[in-house]
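Right, one structure below, let's go through it.
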Amino acid sequence: MGKRIKIFDTTLRDGEQSPGCSMNLKEKLKVAKQLEVLGVDVIEAGFAIASPGDFEAVKSIASEVRESVVASLSRALPKDIDRAWEAVRYAKQPRIHTFIATSDIHMQYKLKKTPEEVLQQTKEMVRYAKKYCPDIEFSAEDASRSDWDFLCRVFDTAIKEGATVINVPDTVGYTTPDEYYRLITYVKENTPGIDSVDISVHCHNDLGLAVANTLAAARAGATQLECTINGIGERAGNAALEELVMGINTRRDYFNFECGIDTKEIYHASRLISNITGQHVQANKAIVGANAFAHESGIHQHGVLANKSTYEIMTPESIGLTENKMVLGKHSGRHAFDDRLKALGFHLSAEEIQKAFSEFKELADKKKVVTDKDIEALVEQRQVAIEEIYKFDRFVINSGNTITATASVRLIKKDEKFEEVSSGDGPVDASFKAIDKVVGIDFKLMDYKITAVTEGKDAQGTVRVKIQKDGKVFKGRGLSTDIVEASVKAYLNAINKMLNAIELGEGDEVGEKAG
Ligand code: KIV
Ligand code: ZN
């Protein structure tokens, strides 16, 4: 049995605060549930003081998650720690994660404090947090660019005041595997009391070394690895959970570590994050990219056919990918559909399954063959469904290469029908303008993307849009075999999110957030 390493997931904090990755409350809860199923040891649910939306999310996650520790980030300030505790106190296993910067650059230019003042603040704030919560993580921001002896003094102080985890972040993604290995070794050898706490590492990917640095630190003795699904996070992102975990598992012979992750849930978690955030996973991304298990060249294909281990160091099944063994069509029954959902790793309620099945039947009427990718797309669009203030009813398009496109769109709000007509630069533009007339609120379309779910001329198209209002961005997604319909649904989905969020103060706005 190898040494047990803890996995600390910060998708909902460091990941969520990166541009374009914001999530609403319902989405965050969905992600937290999936992280729990995945088996992460700690879920960093947010930065409670950052906004009322962040606070509510941390509180709800703390109330619902039972298996994992739930942490909230806080600066080393009483008001932050108070707010963090107010939110995580509902957790079965709460943690306050407090931080202060320790590098000369940060202390001088950002904090405008002397090292002695930072030491004093560490002492007072860890003590302050400890009054609330037994489990305290202390992070020395920009640790990898800090003076090593000063860093050890800060950690010593934090441990004496009751910190249970000390975190050594490579905040700006500056370190290298060898240097980080030496830093962790130095901290271990020169910090009194270090053996009684977890040593955590948190790496950013600015030089593409986040995973390599994290694994090097684990070899040096780090016992908690901080990471995010798909590696989302500030700037170039954080160490990717799926790469760390599959690295540890695939090279158990080398690392001799164990972690509590159910790797079969990895693909599902990755899809969920990219679906909710709208951040596409690059095709050649390790572990979860579309090409990660594809073999294109003849030589490779030949080898894999003869024996998979020639070119595959891990199996697609180990991360929860399924082979499409069964193709469904309009004669397929509920039973076959349920089985397929389970095989694809979806954990749905009876009501969700029923809704997905009705949509599947509608799709099977339009499309001869319904593949796994189609089913995934159907279920995933439900995962981001929100309360529909405006419901889509119907649209009619008149378009061609010799006429100006016109669209008539009818929406329903509280059982009342609203219909508007507009012309535009093509059918999508015309329909969006018709919707604008119905909604009557000023906002800006920032982004529009369309992708085919599968091949073939009857393929479903997924449209993703981003709209902006008052500095906040809202993402929408629509799915249909008709691209104008998919566009209208995506646009409406974003508008409904905007209308819902106006009251809650949610949206993709980056205020004062941590690295
Ligand atoms: O990158 C960083 O230093 C952080 C800390 C707040 C842990 O995210
Ligand atoms: Zn960070």
Side-chain angles (χ1 to χ4, degrees), residues 6-19 21-22 42-50 54 58 69-77 80-81 83-84 88 95-107 109-111 118 121-122 125-126 129 135-146 151 154-155 158 163-175 180 183-184 187 197-211 213-214 217 222 224-241 244 510-515:
K6 293 179 184 156
I7 299 294
F8 174 116
D9 182 278
T10 183
T11 305
L12 290 167
R13 199 277 295 169
D14 219 331
E16 202 262 349
Q17 75 190 41
S18 63
C21 286
S22 75
V42 187
I43 297 174
E44 186 161 55
F47 189 6
I49 200 162
D54 275 47
V58 179
V69 171
V70 178
S72 169
L73 188 67
S74 70
R75 288 167 298 186
L77 297 172
D80 279 42
I81 294 170
R83 200 76 176 134
V88 291
R95 175 180 293 180
I96 296 176
H97 176 192
T98 190
F99 74 98
I100 190 162
T102 50
S103 65
D104 288 347
I105 302 176
H106 277 231
M107 288 191 290
Y109 296 108
K110 190 180 84 172
L111 299 177
V118 166
Q121 197 169 332
T122 301
M125 291 304 106
V126 174
D135 189 2
I136 304 295
E137 175 163 339
F138 170 78
S139 286
E141 193 189 9
D142 207 15
S144 56
R145 293 193 300 167
S146 303
L151 196 57
V154 175
F155 286 147
T164 40
V165 183
I166 58 111
N167 184 25
V168 193
D170 181 29
T171 303
V172 289
Y174 182 71
T175 199
Y180 206 40
L183 172 58
I184 301 302
V187 167
V197 300
D198 269 316
I199 303 178
S200 184
V201 286
H202 174 111
C203 295
H204 281 268
N205 205 28
D206 299 66
L207 294 174
L209 292 171
V211 169
N213 289 337
T214 306
Q224 174 180 282
L225 313 184
E226 305 201 357
C227 48
T228 59
I229 305 287
N230 296 343
I232 64 169
E234 282 287 343
R235 306 180 307 280
N238 290 56
L241 178 145
L244 290 176
V510 182
E512 170 125 6
K513 296 216 170 179

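It should be emphasised that the depicted structure is a prediction, and the values quoted were computed from it without experimental measurement. All residue numbers refer to positions in the sequence shown, counting from 1. What's counted below: heavy atoms across the whole structure, side chains too, no hydrogens, waters or symmetry copies. Atoms within each ligand, like the ligands themselves, are counted from 1 in listed order.
Residue Glu141 approaches ligand 1 through these ligand atoms, each under 4.0 Å from one of its heavy atoms: 3 (O). Residue His204 approaches ligand 1 through these ligand atoms, each under 4.0 Å from one of its heavy atoms: 1 (O).
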Show your reasoning for whether salt bridge (Lys or Arg N to Asp or Glu O under 4.0 Å) applies to Arg13 and Glu226.
CA-CA 11 Å; Arg13 199 277 295 169; Glu226 305 201 357; 5.4 Å; no
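Looking at Glu226 against ligand 1, nothing comes within 4.0 Å, counting heavy atoms. For Asp14, every heavy-atom contact with ligand 1 shorter than 4.0 Å involves the side chain, none the backbone.
Each of Asp142, Thr122, Val126 was scored for a side chain to side chain contact (heavy atoms under 4.5 Å, CB included) with Ile100, with one residue passing: Thr122. When each of Ser74, Ser72, Ser200, Ser139 is checked for a side chain to side chain donor-acceptor pair (under 3.5 Å) with His97, only Ser139 meets the rule.
For His204 atom NE2 and Asp14 atom OD2, the angle they make at the Zn ion (ligand 2) is roughly 100°, to 10 degrees.
At least one heavy atom of Arg13 sits closer than 4.0 Å to an atom of ligand 1.
Between the side chain of Thr228 and the main chain of Ile232, a donor-acceptor pair closer than 3.5 Å is present. In this structure, the side chain of Thr98 engages the main chain of Arg75 through a donor-acceptor pair within 3.5 Å.
Contacts of Asp198 classified as side chain to side chain donor-acceptor pair (under 3.5 Å), with partners at least two apart in sequence or in another chain: Lys6, Thr223. Among residues two or more places apart in sequence or in another chain, the side chain to side chain donor-acceptor pair (under 3.5 Å) test is passed with Ser144 by Asp170.
Within His202, the N/O/S atom positioned nearest the Zn ion (ligand 2) carries the name NE2.
Residue Thr171 has at least one N or O atom closer than 3.5 Å to an N or O atom of ligand 1. For Asn167, no nitrogen or oxygen atom sits less than 3.5 Å from a nitrogen or oxygen atom of ligand 1, counting backbone and side chain alike.
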